[in-house]
Amino acid sequence: MVAAGYYSYSFYNFAQNISNKSEDPKGSTPLIAQTVKDKGEKYTPPKWEGKQRVNILLLGGDSRGMVKNELPRSDSIMLASIDPVTKKAHLFSILRDTYVKIPGEGEDRINTAITTGGPNLAMKTVSDLLGIPVQYYVYTDFKGFIALIDAVGGIDIDVEKDMKYSDSEDDHVYDINLKKGPQHLDGKTALQYVRFRHDALSDFSRTERQRKFLTAVAQKMQTTSSLIKLPKILNAMDPYIDTNLSVSDMLKLATLGYEAKADGIISSQLPPTDLLAEKNVRGAAVITANKDKLQQYVKDLFAGKADADTGPTKPSPSPTPKSSVKTTVK
C-alpha cells in the first residue's frame, strides 16, 4: 500500500512538470514542432474513462539534426494496451513499413503519419488500422531512451548475436558494436541493441528485440529498488517526453501500471507473420495486410483466442529504405 502511494505521488510530480511545460521551455527545439501537431488537430483522440481498455501509442523518434518546425523522423512504433479489469497488458510492435490509408493524406507507410499530421494523426491511423481506440501517445527520442535506461541502472539482457553497424549521422556517436552473450546494457549500449536491424530479418528482428527489451524495463520498474529511485527516473525522462496525458490521466495509468504484472506482458508483432504480404509500390517494397483479418487477430489476442506472434523465424527480403523512393499516393 505504501509502495503504491509512493508510486502515485512520484508520477503526480512528474505529470505536473510535463503539463506545465511551455512549447520550448529551455530555448531548445521541442521534440515535435507545434506546427506539425496543429496539422492533426481535427483528429481528436477518444477519452478514456478508466473502465475500458486503454491503448497508448509509443513513438520513438530520430530527432538528430532537426531544426525548429522540422518534421520528426519516426524510428519505432509500438502500442501498449492494458485491460483495467483483468490487469493484463499487451505490447505490440507495428512494422513501420506497413502500407496503410492515412486519413486525409492518401496511402503511405505508417511511420509517415506522425510526420504528416503529428501524434493525433498517428493515433488515428493506428486506430483505423487495428480497429481499436487509441487514447494517448508518448513520444521520445534517442536521448530520452538513453536517459531512462541510465536512470533505472541499466538492463541485463542476452544479446543474441554480434551486432555491428557504422552510423555517420552524428560523427559515429550512435555506432553499433555489441558482442553476443548475456551482458549489462547502459543507455547507449541499450540504444544500440534496440536499433540494430542490419541482418537478414531487418525490422522484423529489431521489433522483436524492442518488445523483449521494453518488457525487461517494465519488469525492472516494478522492483523495489526502482520504486525507490522513481523520482530520479522520472526527472531524467522529463526533458525528453512529449505526450497528451494529463495529470489525472497519468495518475490513473500509474496506478494501473503498478497493478499490472510486467512478467505477464503478452507481446506481438503487427501485422502477424501469417497475415502480412510484401507489395511493390512505385518501385518500393512495403508490407500489407488484410485489415479485417488484422483487426480480428487483435480482438482474438485480447480474448486469449490467438497466439502472440513474435515475428518470422526465417529471412525475409528487406523493404527498400523509405528515403530512396517516394511512395505517397494522394
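As a basis for the values below, the full set of heavy atoms in this structure was taken, side chains included, without hydrogen atoms, waters or symmetry mates.
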Just to verify, what does [X] make a side-chain hydrogen bond (donor to acceptor under 3.5 Å, both in side chains) with, not counting sequence neighbours?
X	result
Asp162	none
Asp309	Thr273
Thr207	none
Thr189	Asp186

Residues forming a side chain to side chain contact (heavy atoms under 4.5 Å, CB included) with [X], sequence neighbours excluded:
X	result
Thr44	none
Asp38	Gln34, Glu41
Lys88	Thr86
Lys299	Gln296

Taking salt bridge (charged side-chain N to carboxylate O under 4.0 Å, His left out) as the test, write out the residues that go with Lys87, two or more places apart.
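Lys87 satisfies salt bridge (charged side-chain N to carboxylate O under 4.0 Å, His left out) with Glu259 once adjacent residues are dropped.
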
Note: Glu105-Lys39 ion pair, threshold 4.0 Å (strictly below):
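So Glu105 does not pair with Lys39 through a salt bridge.
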
A side-chain contact here means heavy atoms from C-beta on lying under 4.5 Å apart; do Lys37 and Asp242 qualify?
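Counting from C-beta outward, Lys37 and Asp242 do come under 4.5 Å.
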
Using the ring-ring contact (aromatic ring centres under 6.0 Å, His included) criterion, which residues pair with Phe196? Sequence neighbours excluded.
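Phe196 satisfies ring-ring contact (aromatic ring centres under 6.0 Å, His included) with His198 once adjacent residues are dropped.
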
For Phe213, give me all partners under ring-ring contact (aromatic ring centres under 6.0 Å, His included), at least two apart in sequence or on another chain.
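Per chain and number, Phe213 pairs via ring-ring contact (aromatic ring centres under 6.0 Å, His included) with Phe145.
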
Taking atom types as modelled, find out whether Arg53 and Ser81 have a side-chain donor-acceptor pair closer than 3.5 angstrom.
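Yes - a donor-acceptor pair under 3.5 Å links their side chains.
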
For Tyr43 and Thr125, test the side chains for any donor-to-acceptor distance below 3.5 angstrom and give the result as yes or no.
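No, no side-chain donor-acceptor contact under 3.5 Å.
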
Can you name the nearest heavy-atom pair linking Val36 to Ile114, along with the distance?
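Heavy atoms only, the tightest pair is CG1-O, 3.5 Å.
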
Return all side-chain donor-acceptor pairs below 3.5 angstrom for residues 178-185, not counting sequence neighbours, or 'none' if the list is empty.
{"residue": "Gln183", "atom": "NE2", "partner": "Lys179", "partner atom": "O", "Å": "2.6"}
{"residue": "Gln183", "atom": "NE2", "partner": "Gly181", "partner atom": "O", "Å": "3.0"}
{"residue": "His184", "atom": "ND1", "partner": "Asp156", "partner atom": "OD1", "Å": "2.7"}
{"residue": "His184", "atom": "NE2", "partner": "Gly153", "partner atom": "O", "Å": "2.8"}

